[in-house]
Amino acid sequence: MRRFYVPPANVGGSHASLSAEEARHLRDVLRLLPGSQVRIFDGEGREFLCQITSIDKKGAELAIIEAVEPLAPESSLNLTLAPALTKGDKYDLVIQKAVELGVTRFQPLIAARCDVKLKDTGRRMERWQKIIIEASKQCGRAALVTLEEPIPLPDLLANETRNRIIFFSEAGGKAMPSEGNFDFLTAVVGPEGGWEPDELELASNAGADIVTLGGRILRAETAAIVLTALLQHRFGDFR
């Protein structure tokens, strides 16, 4: 069953409208025709079984048959992933896997050793949002990950006061917390060049749990994915 993203504003009582881009994929790539059944999700957790009623270059109209359960459940853990910015498609991979692993919120982070120019942030944000939608379509989630604007580390630590912060460092940290009932967690992963000493001190003073994974040295994108999976296993619904 093919799945398409439809913003909540485009979902009515018994009808829904696909955007021109989604309709082009439906029409030109999948070769679906009026009468075919598809699933749609609105990014807020709702999913519907629909029948295509019309398709043109401006979009497609769907008749909603019934509300259905999303293919993939949402995690019981409200997890924010905050990885430092990296170059190229490495960051794209982290966002894609964050969606698959059940992250609730994605917070791009600016650290001292980030070797990334921020002048193209707007363009990257657009691409990241598309990656979130495409990954959600493929993995069966009906709620879109919330994508935040990049912020510096001090702002992150000031903003996440209600969350337990797990701060990954290759050295100088302790073992992952083994117990605790945490409804809100923020996982922070540093840049390819690692953390500056004053950044580690800032995190420690903010009450973050600085953890290391057995002394292993991981690439930035690997660390973000591994840390997310470990937290979902320990405090979420990965069993």
Side-chain angles (χ1 to χ4, degrees), residues 1-11 16-26 29-30 38-48 59-60 68-110 114 116 118 120-151 156 159-160 163 184-189 220-229 231-232 236-238:
M1 183 66 67
R2 304 294 183 175
R3 301 177 77 238
F4 298 88
Y5 169 63
V6 179
N10 290 5
V11 180
S17 301
L18 290 186
S19 66
E21 183 177 357
E22 290 283 78
R24 183 198 63 78
H25 184 71
L26 177 151
V29 178
L30 301 177
V38 297
R39 282 185 177 228
I40 63 169
F41 65 99
D42 67 354
E44 296 183 346
R46 298 188 302 166
E47 186 150 340
F48 303 93
V68 294
E69 286 295 318
L71 298 176
E74 290 300 310
S75 173
S76 57
L77 176 65
N78 192 312
L79 177 60
T80 295
L81 180 60
L85 292 169
T86 56
K87 288 183 177 180
D89 57 3
K90 296 177 183 178
Y91 213 73
D92 296 353
L93 175 67
V94 172
I95 293 175
Q96 182 190 67
K97 300 311 173 186
V99 174
E100 294 176 15
L101 290 168
V103 165
T104 306
R105 179 169 159 261
F106 195 92
Q107 175 62 75
L109 182 64
I110 303 168
C114 284
V116 176
L118 296 179
D120 63 344
T121 298
R123 187 166 64 246
R124 294 189 76 183
M125 286 284 289
E126 291 180 5
R127 184 171 76 249
W128 295 338
Q129 189 64 48
K130 289 181 179 180
I131 291 171
I132 288 172
I133 292 173
E134 288 304 313
S136 299
K137 288 164 65 174
Q138 293 172 4
C139 75
R141 292 184 66 179
L144 292 180
V145 172
T146 301
L147 176 63
E148 305 286 2
E149 293 277 351
I151 59 173
L156 171 80
N159 292 344
E160 302 297 303
N163 290 13
F184 295 89
L185 277 179
T186 297
V188 183
V189 182
E221 65 273 19
T222 305
I225 296 167
V226 169
L227 187 59
T228 301
L231 291 173
Q232 287 286 24
D237 56 1
F238 279 10

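A perpendicular orientation is assigned to the rings of His25 and Phe4, their planes being inclined by more than 60° (bins at 30° and 60°). The aromatic rings of Phe41 and Tyr5 sit tilted relative to each other, their planes meeting at an angle between 30° and 60°.
The two residues Arg105 and Thr80 come nearest to each other via the heavy atoms NH1-OG1, 2.9 Å. When all heavy atoms are compared, the tightest approach of Gly45 to Pro70 is O-CG, 3.7 Å. Heavy-atom minimum distance, Trp128 versus Pro150: CZ3-CG, 4.5 Å. Residues Ala72 and Cys139 share a closest heavy-atom pair of CB-O, 3.4 Å. Here the closest heavy-atom approach between residue Val6 and residue Ser17 is recorded as CG1-O, 3.4 Å. When all heavy atoms of Ala224 and Pro83 are compared, the pair lying nearest together is CB-CB, 4.4 Å.
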For the pair Val188 and Glu160, evaluate side-chain contact (heavy atoms from CB on, under 4.5 Å) and give the outcome as yes or no after the intermediate values. CA-CA 11 Å; Val188 183; Glu160 302 297 303; over 6 Å; no
The test is salt bridge (Lys or Arg N to Asp or Glu O under 4.0 Å); show your working for Lys137 and Glu134 and say whether it passes. CA-CA 5 Å; Lys137 288 164 65 174; Glu134 288 304 313; 3.2 Å; yes
Step by step, would you call Asp237 with Gln232 a side-chain contact (heavy atoms from CB on, under 4.5 Å)? CA-CA 6 Å; Asp237 56 1; Gln232 287 286 24; 4.2 Å; yes
Taking it one step at a time, do Phe106 and Val99 satisfy side-chain contact (heavy atoms from CB on, under 4.5 Å)? CA-CA 9 Å; Phe106 195 92; Val99 174; over 6 Å; no
Does the pair Val29 and Arg24 meet the rule for a side-chain contact (heavy atoms from CB on, under 4.5 Å), with working shown? CA-CA 7 Å; Val29 178; Arg24 183 198 63 78; 4.0 Å; yes
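Contact annotation: the side chain of Leu71 approaches that of Arg39 to within less than 4.5 Å [non-hydrogen atoms, C-beta and beyond]. Put simply, the side chain of Thr186 does not reach to within 4.5 Å of the side chain of Gln107, judged on heavy atoms. The side-chain heavy atoms of Phe184 and Thr104, taken from C-beta on, include no pair separated by under 4.5 Å.
Panel note: side chain Glu44, backbone Leu144; no donor-acceptor pair is recorded below 3.5 Å.
Expressed to the nearest 0.5 Å, how far CD of Glu47 lies from CD of Glu69 amounts to 9.0 Å. Glu126 CD to Arg124 CZ: the interatomic distance, rounded to the nearest 0.5 Å, is 13.0 Å. Of the inter-residue distances, the one linking Ile225 atom CD1 with Leu93 atom CG reads 4.5 Å to the nearest 0.5 angstrom. One distance of note links OG1 of Thr146 with CD of Gln129; it measures 9.0 Å at 0.5 Å rounding. Taken from OG in Ser136 to CD in Gln96, the straight-line distance is 10.5 Å, to the nearest 0.5 Å. Taking CG from Leu109 and CG from Leu81, the interatomic distance works out to 10.0 Å, rounded to the nearest 0.5 Å.
Of the options Asn78, Leu79, Leu77, a side-chain contact (heavy atoms from CB on, under 4.5 Å) to Ser75 is made by Leu77 and by none of the others.
Taking a 6.0 Å sphere around CZ of Arg127, one finds it holds more than 12 heavy atoms contributed by other residues, nucleotides or ligands.
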